[in-house]
Amino acid sequence: MRTRVPLWAGWLVAAVIAALCFPLLPDDSLQAKIYVNTVGLSAVTAMIVGIARNRPEHRGAWLLFAVGVLTFVSGDITYDVTELRLGEYPYPYWADLLYLSAYPLLWASLYRLGRGHGERDRGGIIDAAVISTGIGLIFWVTVVGPTLADAGSPLLDRFVTIGYPLADVLLTTAVARMLTRPENRTPSLRLMSLGAILMLSCDLIYTTMSSTTEYTGGFVDSGFLMAYACWGAAALHPSMRQRPDTSFTAGQIGRGRLALLMIFTLIAPGLLFLQGATDPAAIAWKSLGIGAVVLFLLVVFRMWGLVQQVKTQASRLGDLAMHDALTGLANRRAFEEELSAAVAAGAPTVLLLDLNGFKAVNDRYGHAVGDQLLAVIARRIAAEVPPGSIAARMGGDEFAVLLPSVSAPAEDLAVQLRSAIHRPVHAGGQDLLVGASIGIAGATGAAAGDPVETLRRADVAMYAAKADGGRHRAYAADLDDAAGEEARLGADLRAALDRGEFHLVYQPIVELPEGRVTAVESLLRWEHPERGFVSPAAFIPVAERNGTIVELGEWVLRTACRQYAEWWRQGVAPERIGVNVSARQLADPAFPGVVAAVLADTGIHPARLVVEVTETAVFGGGVAVRAVRELSDMGVSIALDDFGTGHSSLGLLQTLPVRVLKVDRSFVENVTMAGRHAVIATSLIQVANGLGLVAVAEGVETAEQAAELYRLGYRRAQGYHFGRPAPAQMSSSSTATVVTSPGDSDSAVRIARFTGST
C-alpha cells in the first residue's frame with residue numbers, strides 16, 4: 001500500500017532542495033533573481049493555502065505573518081528590479097523601506113502566536129531578554145557602534161544601516177519568547193521558530209560580512225530561502241490549527257536552555273577577547289561594559305526568580321501534602337497532626353464519619369460519579385463545622401471533624417451533619433442518596449493527651465453507630481467490650497468452620513389451601529461447645545464484616561444441595577430448595593461460578609435451586625446485580641427476601657429477574673386486623689400477580705393468618721404455623737389437609753408437618 005506524503009512535508013522537502021540548489025546558479029544573474037523571488041512568492045502562497053486549509057483559531061496572527069513575509073519578498077523584488085533598471089542599487093532606497101516595514105509585522109505575528117495560554121512566565125521573559133541582549137551586543141559592537149561613529153556618512157544612511165540590526169534584535173525578542181514557552185513546542189511553531197532563527201542568523205552573517213565588504217551571497221542566501229521553506233511548511237502543518245491550551249509550568253530549565261543561556265551570557269567577554277586579539281586599540285569598552293552589566297543583572301534577576309519559585313513550589317507541595325486532592329479538605333496526615341496539637345493543648349472532640357451506601361453508588365455508577373458525590377459531601381461537611389474546627393477526608397468515604405473542645409456541641413453537630421449528608425446529591429445525571437454513621441469521642445480520661453487513643457475511640461463509636469443502622473454514637477466503655485466480643489466471635493467463627501460446628505435446618509414453604517410442601521428454605525444454625533446456641537442475628541453480621549460469610553455461604557450452599565440430592569434419590573424431595581445469599585457473597589465476582597460448580601457436583605438441576613437475596617444486597621447494582629442475572633441465565637430462580645422493607649422494592653422488580661417475592665412478616669402479623677393493617681399485604685399480592693410472580697407470605701404463626709392470606713389471594717406461605725425449622729429428617733407425608741370453613745370452630749389450618757416435628 002502506497003503511503004501518501006503529507007502536503008507540508010512535500011513542500012518542505014521541495015523548498016529546501018530548491019534553497020540548497022541556489023548557489024549553483026550564476027551569482028547576481030537574472031536567473032538567480034527570478035529563482036529567489038519565485039521561492040519567496042511560493043512560500044507566501046503556501047502560507048495562504050495553509051491558512052485557508054487548516055483554518056486556525058488565531059487566523060489574524062497567521063495572516064499578519066504572511067503579510068510580513070510578502071512585504072519582505074516585495075523588498076527582494078524591488079531591490080532586484082532597481083538593480084536591473086539602474087545597473088546598481090542606490091542605498092538607501094524603497095526596498096529598504098519594505099524590508100524594515102516587514103520586521104514589525106513579523107514581530108507582532110510571532111508575539112501573538114507565541115504568548116501562549118498559561119500563566120505569565122517571568123523566567124521565560126528574562127531568558128528571552130538574555131538572548132536578545134547578547135544578539136544586540138554583537139550587532140552593536142560590529143555594526144551599530146561603528147556606524148554611529150562614522151560622521152562621514154549621511155545621517156539617513158546611518159539610520160537605515162543601524163535599522164536592520166535593531167530590527168533583528170526586535171525580532172529576536174519574539175523568537176526567544178516563543179522558544180522559552182514549553183507549550184509552544186508544536187511542529188508548526190517549531191518550524192516557524194526555525195525559519196526565524198535561520199533568517200536572524202543569515203542577517204547577522206550578512207551584516208557582519210557587509211561591514212567588512214566580504215559578503216558574496218551563496219549559501220547565506222540559501223539560508224534565507226530555507227527560512228521561507230520553513231514558514232510555508234509551518235502554515236501547511238495541521239498543528240497550526242489550534243494553539244496548545246496547556247497549563248504552563250514555570251521555571252523548568254533543561255540542559256539545552258541552560259547551555260544556551262550560558263553561551264549568550266559569555267558573549268560580552270567573548271567579544272572582549274576577540275577585539276583584544278584583533279585590534280586592542282579598537283575595543284568598545286563602554287558598549288561591552290554596559291552589555292556585561294545588563295547580562296549580569298538579568299542573570300541575578302533570573303536566579304532570584306528561581307529562588308522565589310522554589311519557595312513557592314515548596315509551599316505548594318507542602319499544601320498538597322496536607323490536603324486531599326479530590327475534596328480540598330485536610331487529609332489524614334494533616335488531621336492527625338492537628339489532633340496531636342489539640343490534644344497537647346486541651347481536650348478536643350473528634351467526630352468520625354463513614355458514608356452509608358457509598359459503595360453501592362460506586363459499584364452501580366462508577367468511580368467518576370462516586371468522586372463527584374464525595375466532593376459534594378465534603379463541601380456540605382465543611383459548611384456545617386463551626387469556626388476554628390477542622391474537617392478532613394481520612395480516605396475512601398471516611399471523613400473526620402476536629403472540635404477544639406470537649407464542651408463543643410458534638411451531638412448537635414452530628415445531627416446537623418447527618419441531615420446535610422442525607423440530602424439528595426445530583427451527580428452523573430442521577431439524584432443519589434447516602435447516609436452517614438458518626439462516632440464521637442473526646443480526649444478525656446484514659447484518652448487525655450493521647451491522640452491515637454482518641455481517634456481509636458471515635459472509630460469504635462462509629463462502627464457501633466453503623467451497627468445501629470447508621471446513626472451517631474458517643475464513645476462509652478461498653479463499646480470496647482462489644483468490639484472485643486465481636487473480635488472473639490469472629491475468631492470463633494473461623495474455628496467453628498474448621499471444627500464443623502455449623503449445621504442446617506429446613507423450614508417448609510406450603511401451598512394454600514391444600515398444604516402441600518412445595519419448597520424448603522435452608523437456614524444456618526451454630527451450636528458452640530461453650531457458648532451453646534448462637535443466634536444467626538448475632539454471628540451473621542460479624543461474618544459479613546470480617547469476610548467469613550463468603551466461605552460460610554459456600555458451605556451452606558454445598559450442604560443444602562447435597563441434602564436435596566439425597567432427598568431426590570429417596571423420592572421425598574420437594575419441588576425446590578432455597579438458600580439465603582448475603583450481600584458480601586453477591587459482591588464476589590466468582591460467586592456465579594461457585595453456584596455452577598456446586599450444581600454440577602451434586603447433580604441438581606438449576607431450576608430446583610432458589611437463591612434468596614435481600615433488597616439491600618442488590619440495591620446498589622453493580623457486581624451484585626450482574627451476579628443475580630448470571631444466576632437467572634443459568635436457570636436458578638431468584639427470590640427477593642423480606643420484600644417491602646428495603647430501599648426501592650418496585651424499582652428492583654423492573655431491573656432484576658425475580659421469580660419469587662417473600663413478603664416480610666411485618667406485613668403478615670396484623671393481616672387479620674380490620675382496616676389499614678391488611679392494605680399492604682393486599683397490595684403486594686396484587687403486584688405479584690400483576691407481574692406474574694410467586695408471592696410467599698413469611699412469618700405465618702396462626703390459622704387465622706393463613707385463612708386470611710388465602711382469602712386475599714396468597715397461594716404460598718411459610719411460618720411456625722406450618723413447621724418450625726428442623727433438621728433434615730423428612731416424614732413420608734408431604735401434604736396436608738386445610739380446613740378454611742368459617743364453621744370450623746378452631747378456624748385452623750391443620751397440616752402434617754414436613755419434618756414430623758412440632
Handout entry: Glu554 vs Arg558, salt bridge (Lys or Arg N to Asp or Glu O under 4.0 Å): CA-CA, chis, key distance, verdict
Key = CA-CA 6 Å; Glu554 182 177 349; Arg558 192 173 296 277; 3.6 Å; yes

Exercise for the section: State whether the side chain of Arg393 and the backbone N or O of Gly396 hold a donor-acceptor pair below 3.5 Å, judged by distance alone. Expected result: yes

Practice task
Output yes when a side-chain donor or acceptor of Thr559 lies under 3.5 Å from a complementary backbone atom of Val556, and no otherwise.
Solution key: no

Problem - Main-chain N/O of Val628 paired with Ser632 side-chain donor or acceptor, under 3.5 Å - result: no

Problem - NZ-CD1 distance between Lys466 and Ile438, expressed to the nearest 0.5 angstrom - result: 11.0 Å

Handout entry: Charged N-O contact under 4.0 Å between Glu698 and Lys662
Key = yes

Exercise for the section: Using a 4.5 Å cut-off on heavy atoms from C-beta on, say whether the side chain of Val660 contacts that of Asp641. Expected result: no

Practice task
Say whether, by atom type as modelled, one donor and one acceptor occur between the side chain of Ser683 and the main chain of Val679 under 3.5 angstrom.
Solution key: yes

Handout entry: CD1-CG distance between Ile421 and Leu353, expressed to the nearest 0.5 angstrom
Key = 5.0 Å

Problem - Within 6.0 Å of CZ in Arg55, more than 12 heavy atoms from elsewhere - result: no

Handout entry: Enclosure of His528 NE2 (heavy-atom neighbours >12, cutoff 6.0 Å)
Key = yes

Practice task
Apply side-chain hydrogen bond (donor to acceptor under 3.5 Å, both in side chains) to His426 and Asp431, showing your working.
Solution key: CA-CA 4 Å; His426 189 77; Asp431 286 324; 3.0 Å; yes

Exercise for the section: Output the distance between atom OG (Ser437) and atom CD (Glu398), rounded to the nearest 0.5 Å. Expected result: 10.5 Å

Practice task
Please confirm whether the backbone N or O of Gly692 pairs with a side-chain atom of Arg659, one donor and one acceptor, at under 3.5 Å?
Solution key: no

Exercise for the section: Decide yes or no for Glu57 and Arg241: does some side-chain heavy atom of the first lie under 4.5 Å from some side-chain heavy atom of the second? Expected result: no

Problem - CA sep, side-chain torsions, deciding dist, call: Val350, Val401, side-chain contact (heavy atoms from CB on, under 4.5 Å) - result: CA-CA 6 Å; Val350 172; Val401 174; over 6 Å; no

Practice task
Would you indicate whether the side-chain heavy atoms of Val610 and Val636 approach each other to under 4.5 Å?
Solution key: no

Handout entry: Any donor-acceptor pair under 3.5 Å from Tyr714 side chain to Thr682 backbone
Key = no

Handout entry: Partner residues of Ala560 under the side-chain contact (heavy atoms from CB on, under 4.5 Å) criterion, sequence neighbours left out
Key = Leu504, Ser522, Ile577, Val579

Practice task
Before accepting this row, confirm whether a basic side-chain N of the pair Glu337/Arg333 lies closer than 4.0 Å to the acidic partner's carboxylate O.
Solution key: yes

Exercise for the section: Evaluate the side-chain proximity of Val663 to Val696: yes if any heavy-atom separation is below 4.5 Å, no if none is. Expected result: no

Practice task
Give a yes or no answer on whether the side chain of Arg576 reaches the backbone of Ala607 with a donor-acceptor pair at less than 3.5 Å.
Solution key: yes

Exercise for the section: Would you mind reporting whether Pro725 and Arg525 have side-chain heavy atoms less than 4.5 Å apart? Expected result: yes

Exercise for the section: Please name all residues satisfying side chain to side chain donor-acceptor pair (under 3.5 Å) with His367, sequence neighbours left out, ordered by chain then number. Expected result: Asn362

Exercise for the section: Report yes if some heavy atom in the side chain of Leu403 is under 4.5 Å from a heavy atom in the side chain of Pro386; otherwise report no. Expected result: yes

Problem - Glu453 with Arg457: basic N within carboxylate O range, under 4.0 Å - result: yes

Handout entry: Side-chain ion pair, Glu630 and Arg626, N-O less than 4.0 Å
Key = no

Problem - Residues, nucleotides or ligands: over 12 heavy atoms within 6.0 Å of Tyr463 OH - result: no

Completion exercise
OH (Tyr365) and CG (Leu432) are apart, to the nearest 0.5 Å, by 6.0 Å

Exercise for the section: Output all residues satisfying side-chain contact (heavy atoms from CB on, under 4.5 Å) with Leu691, sequence neighbours left out; order by chain, then residue number. Expected result: Leu653, Val687, Leu693

Handout entry: Spacing of Phe399 atom CZ and Arg332 atom CZ [to the nearest 0.5 Å]
Key = 12.5 Å

Problem - Student check: side-chain heavy atoms of Gln430 and Val369 closer than 4.5 Å - result: no

Practice task
Kindly say whether Leu455 contributes a backbone atom to a donor-acceptor pair with the side chain of Asp459 at under 3.5 angstrom?
Solution key: no

Handout entry: Mutual orientation of the aromatic rings belonging to Phe502 and Trp526 [parallel < 30°, tilted 30-60°, perpendicular > 60°]
Key = tilted

Handout entry: Sub-4.5 Å side-chain heavy-atom contact between Leu661 and Leu684
Key = no

Exercise for the section: Report the distance from atom CD1 of Ile440 to atom CG of Leu413, rounding to the nearest 0.5 Å. Expected result: 8.0 Å

Exercise for the section: Give a yes or no answer on whether the side chain of Arg584 reaches the backbone of Glu544 with a donor-acceptor pair at less than 3.5 Å. Expected result: yes

